[in-house]
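The next block holds one structure in the form of structure tokens; read it before the comments.
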2 protein chains.
Amino acid sequence: MDHSNLLKNIAKHITLNGDEINYFIPLMKYKEAGKKSFLLKEGQVSKTISYVHSGALRAYYLDKDGNENIIMFAINDWWVTDMYSFSTGQPALLNIDAMEDSAVFELNKNDLEDLYLKVPKFERFFRIIMQNSYVREQLRSIQNLSITAEERYINFVNKYPQFVQRVSQKQIASYLGITPEFLSVIRKKLSKGS
Amino acid sequence: MDHSNLLKNIAKHITLNGDEINYFIPLMKYKEAGKKSFLLKEGQVSKTISYVHSGALRAYYLDKDGNENIIMFAINDWWVTDMYSFSTGQPALLNIDAMEDSAVFELNKNDLEDLYLKVPKFERFFRIIMQNSYVREQLRSIQNLSITAEERYINFVNKYPQFVQRVSQKQIASYLGITPEFLSVIRKKLSKGS
DNA sequence: CCAATTTCTTAATCTACCTTATTATTTTTT
DNA sequence: AAAAAATAATAAGGTAGATTAAGAAATTGG
């Protein structure tokens, strides 16, 4: 099992010694998630937070009309869960599934609580992760307020060029909060305009 | 200066001993903010995070048409800043001002960094605050996806009944992401319907 | 306490984006 | 490689909420 990416991810924010690494690593359970398999389904309680080792996942909300509204993509080196459910113990609102064959390391909530006590540096690590997540969400809602779907699409292409290659237009439309038809119109307009 | 509410707020998540309290308290600078005065203006770098002791503040984003889009209200016992700016050192996107005469305790970013080192429990405290903020933002964007402005208004009234008394309809409309005119229509409809 | 400003209501018109439907294309499965 | 399924393009018609405007009520400030 190759933990090097995971450890590099942790090392971005905190420095662990050998003992701490040895305590931490066994808590991270390797799990493969084949394309279209679910890490979490709406209504389940999310008991884990996952580090994405390879592949690509998405977290989406199914609205009452059955439409998938993608809340986030999670590719290599991202952490993902339904934080609402993980945090409060309430049933998840989100579905998380694999858009490609993927592999993650799962960290159990109880193990994380123990980890916080044994290696308090992880409070710092996840404080930073949570802070960044909060900032990202807030920037996203500000963008939704202030710019049109077309501008959001342009921003998305610039910010996540990897995704544009890897995920379908349907998924992108869902993330942008528009219909695939309208994204199609936007793309047509942009291809003419340039 | 009365720090009892502030200390109760901290005690919700971590337990401090006398020394830790004595180190912490002097870092929190008392500041009065008269009605309409600004704690932060767009373009400035946010160097503090504030605990609201009394009164009511709002954080809003001014879009290119000059419309105020309220991102959050912050009344007694809430923490507020432009976390994007505070976190990254980039110019703030938000304005934060007082809707009523208010008083806050400000914590300076450098002091907070020192506090993290001296009293690492605060990493836990702010990990929890950030986690809750992230969850709140995410729930809010899910709600914006799935329910109408009318339902959002009903939810708002149920969730924050205090606000409905204290802030104008214009502010509430701004928070809900609709025009005051349309809120007026919604309220009329609801008053007839019940 | 009065004038000025802001807030709230109502209503007509407008628009960004959605819905539905049809056909073409690509991808997946067999 | 054929059949089935998913994706993408295009277009007509629909709707939630915006915009504009104008008068009434409430606040604010001097």
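Ring pair B:F163/B:F156 is tilted by interplanar angle, where 30° to 60° counts as tilted. Using cut-offs of 30° and 60° on the angle between ring planes, the pair A:W79 and A:F125 is perpendicular. Below 30°, between 30° and 60°, or above 60°: for A:Y160 and A:W78 the angle between ring planes is between 30° and 60°, a tilted geometry.
Note on the helix from C:dC1-D:dG30 to C:dT30-D:dA1: terminal axis deviation equals 70°, with five pairs used at each end and the result rounded to 10°.
Between A:V104 and A:L57, the closest side-chain pair of non-hydrogen atoms falls below 4.5 Å. Looking at heavy atoms from C-beta onward, A:M1 lies in side-chain contact with A:F105 at the 4.5 angstrom threshold. Contact annotation: the side chain of B:M99 never approaches that of B:K35 to less than 4.5 Å [non-hydrogen atoms, C-beta and beyond]. In this structure the side chain of B:N5 reaches within 4.5 angstrom of the side chain of B:Y51, judged on heavy atoms. Residues A:L190 and A:I154 are in side-chain contact: their nearest non-hydrogen atoms beyond the backbone lie under 4.5 Å apart. Contact annotation: the side chain of A:N108 never approaches that of A:L27 to less than 4.5 Å [non-hydrogen atoms, C-beta and beyond].
For residues 73-83 of chain B, the set of pairs meeting the salt bridge (charged side-chain N to carboxylate O under 4.0 Å, His left out) definition, not counting sequence neighbours, comprises B:K12-B:D77. Here salt bridge (charged side-chain N to carboxylate O under 4.0 Å, His left out) pairs that include residues 83-98 of chain B, with residues two or more places apart or in two chains, are B:R58-B:D97. Listed by first and then second residue, the salt bridge (charged side-chain N to carboxylate O under 4.0 Å, His left out) pairs involving residues 123-139 of chain B are A:E123-B:R124, A:E123-B:R127, A:R124-B:E123, A:R127-B:E123 (not counting sequence neighbours).
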>> Using a 4.0 Å heavy-atom cut-off to protein, can you give one letter per nucleotide of nucleotides 21-30 of chain C, 5' to 3': B if the base is in contact, S if only the sugar-phosphate is, - if neither?
In response: B------S--
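Of all the residues in residues 165-179 of chain B, B:G177, B:I178, B:T179 reach under 4.0 Å from DNA chain D with at least one non-hydrogen atom. Only at 4.0 angstrom or more do the heavy atoms of residues 151-160 of chain A sit from any atom of DNA chain D, so none qualifies.
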Distances for protein N/O vs nucleotides 3-5 of chain D N/O pairs under 3.5 angstrom?
none

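Distance B:N144 CG to D:dG17 C1': 13 Å, rounded to the nearest Å. Between A:L183 atom CG and C:dT19 atom P the separation is 15 Å, expressed in whole Å. Spacing between atom CZ of A:R187 and atom C1' of D:dT7 amounts to 12 Å, rounded to whole angstrom units. Residue A:K189 contributes atom NZ, which lies 16 Å from atom C1' of D:dT10 at whole-angstrom precision. Rounded to whole Å, the distance from CD on A:E150 to P on C:dC17 is 9 Å. Put simply, CD1 on B:I186 is 12 Å from P on D:dA16, counting in whole angstrom units. B:I147 has its CD1 atom 15 Å from the C1' atom of D:dG17, to the nearest Å. A straight line from CG of A:N69 to C1' of C:dC18 spans 13 Å, rounded to a whole angstrom.
Contacts of B:F24 classified as ring-ring contact (aromatic ring centres under 6.0 Å, His included), with partners at least two apart in sequence or in another chain: B:F122. Residues satisfying the ring-ring contact (aromatic ring centres under 6.0 Å, His included) test with B:Y23, not counting sequence neighbours, are none.
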Donor-acceptor contacts, no H, no angles, side chain residues 173-183 of chain B, under 3.5 Å, sequence neighbours left out:
{"from": "B:S174", "atom 1": "OG", "to": "B:E68", "atom 2": "O", "distance (Å)": "2.6"}
{"from": "B:S174", "atom 1": "OG", "to": "B:I70", "atom 2": "N", "distance (Å)": "2.8"}
{"from": "B:T179", "atom 1": "OG1", "to": "B:F182", "atom 2": "N", "distance (Å)": "3.2"}

Name every donor-acceptor pair, under 3.5 Å, that has one atom in a side chain of residues 40-50 of chain A and the other anywhere in the protein, sequence neighbours excluded.
{"from": "A:Q44", "atom 1": "OE1", "to": "A:K41", "atom 2": "N", "distance (Å)": "2.9"}
{"from": "A:S46", "atom 1": "OG", "to": "A:T48", "atom 2": "O", "distance (Å)": "3.2"}
{"from": "A:S46", "atom 1": "OG", "to": "A:T81", "atom 2": "OG1", "distance (Å)": "2.7"}

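Picking from D:dA9, C:dC18, D:dG17 the nucleotide with the shortest atom distance to the side chain of B:T148 gives D:dG17.
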